[in-house]
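Read through the structure below, which is laid out as structure tokens, and then see the notes.
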Amino acid sequence: MGDNILMILGMFFVALPYSYFSVLSSPFASGYLSVVPALGAVCLFFGVLIGLVQKNKSLFAFVILPLLSQGLVAVSFSMIGEGPESAFWFWLFLGSQLLASIYLVYRLRSAIVAALLLAFFCLSYAYFAALLSSMAFSDTWS
């Protein structure tokens, strides 16, 4: 039984990046809102590229934000239909991601372009994760 839970959590840990980056194949397939993940993925590419060219290791701090999004999705999928239905948690998560992104951009202003690009990716990834999690918590998939 424990192995099944780990397998299910592992599958949903991969579901977020797969569904987020699959938008690149057809960015307008789900309307204009699906452009946000596609633009976020492009920002990730250029942010990493600029960071590598500048050899700025401090930009690795942005890794924490997508990992928190992954954690939210893993928790929500382990509690399908049992989580909070309030939008408060949705906005609290997004607000904390926004504040953390602003703080990181401020701290990494020596690499402002790369930091802004990575921040946009992190915020769009967090938005996507929050939507997926709210659907899982409420067990509503539409």
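Cluster partners of Tyr106 are absent, since no Ile, Leu, Val, Met, Phe, Trp or Tyr has side-chain heavy atoms less than 4.5 Å from it. Under a 4.5 Å side-chain heavy-atom criterion applied to ILVMFWY residues, the cluster that includes Leu39 comprises Phe120 as well.
Nearest heavy-atom pair, Cys122 versus Gln97, reported as atom, atom and distance to 0.1 Å: O-OE1, 4.1 Å. Taking both residues in full, the closest heavy atoms of Phe121 and Pro66 are given as CE2-CG, 3.8 Å, listed atom of the first, atom of the second, then distance. Summarising the geometry of Phe128 relative to Pro37, their closest heavy-atom pair is CD1-CG, 3.9 Å, with the distance given to 0.1 Å. Of all heavy-atom pairs spanning Phe93 and Ser69, the tightest one is CZ-OG, 3.6 Å.
Taking the side chain as every heavy atom from C-beta outward, Leu117 and Val42 never approach each other to under 4.5 Å. For the pair Asn56 and Ser110, the minimum side-chain heavy-atom distance is below 4.5 Å.
With rounding to the nearest 0.5 Å, the separation of OG in Ser101 from OH in Tyr103 is 13.0 Å. Note that the CG atom of Leu59 and the CD1 atom of Ile50 stand 9.5 Å from one another [nearest 0.5 Å]. The structure places CZ of Phe62 at 13.5 Å from CG of Leu67, a figure rounded to the nearest 0.5 Å. Distance check, rounded to the nearest 0.5 Å: CG of Leu104 to CZ of Arg109 gives 12.5 Å. Taken to the nearest 0.5 Å, the CG atom of Leu49 stands 10.0 Å off from the CD atom of Gln54. Note that the CG atom of Leu118 and the CZ atom of Phe60 stand 10.5 Å from one another [nearest 0.5 Å].
With hydrophobic clusters built from ILVMFWY side chains whose heavy atoms lie under 4.5 angstrom apart, Leu108 shares a cluster with Leu44.
In this structure Ser124 satisfies the side chain to side chain donor-acceptor pair (under 3.5 Å) test together with Tyr20, sequence neighbours excluded.
Between the side chains of Gln70 and Tyr125, at least one donor-acceptor pair of N or O atoms lies under 3.5 Å.
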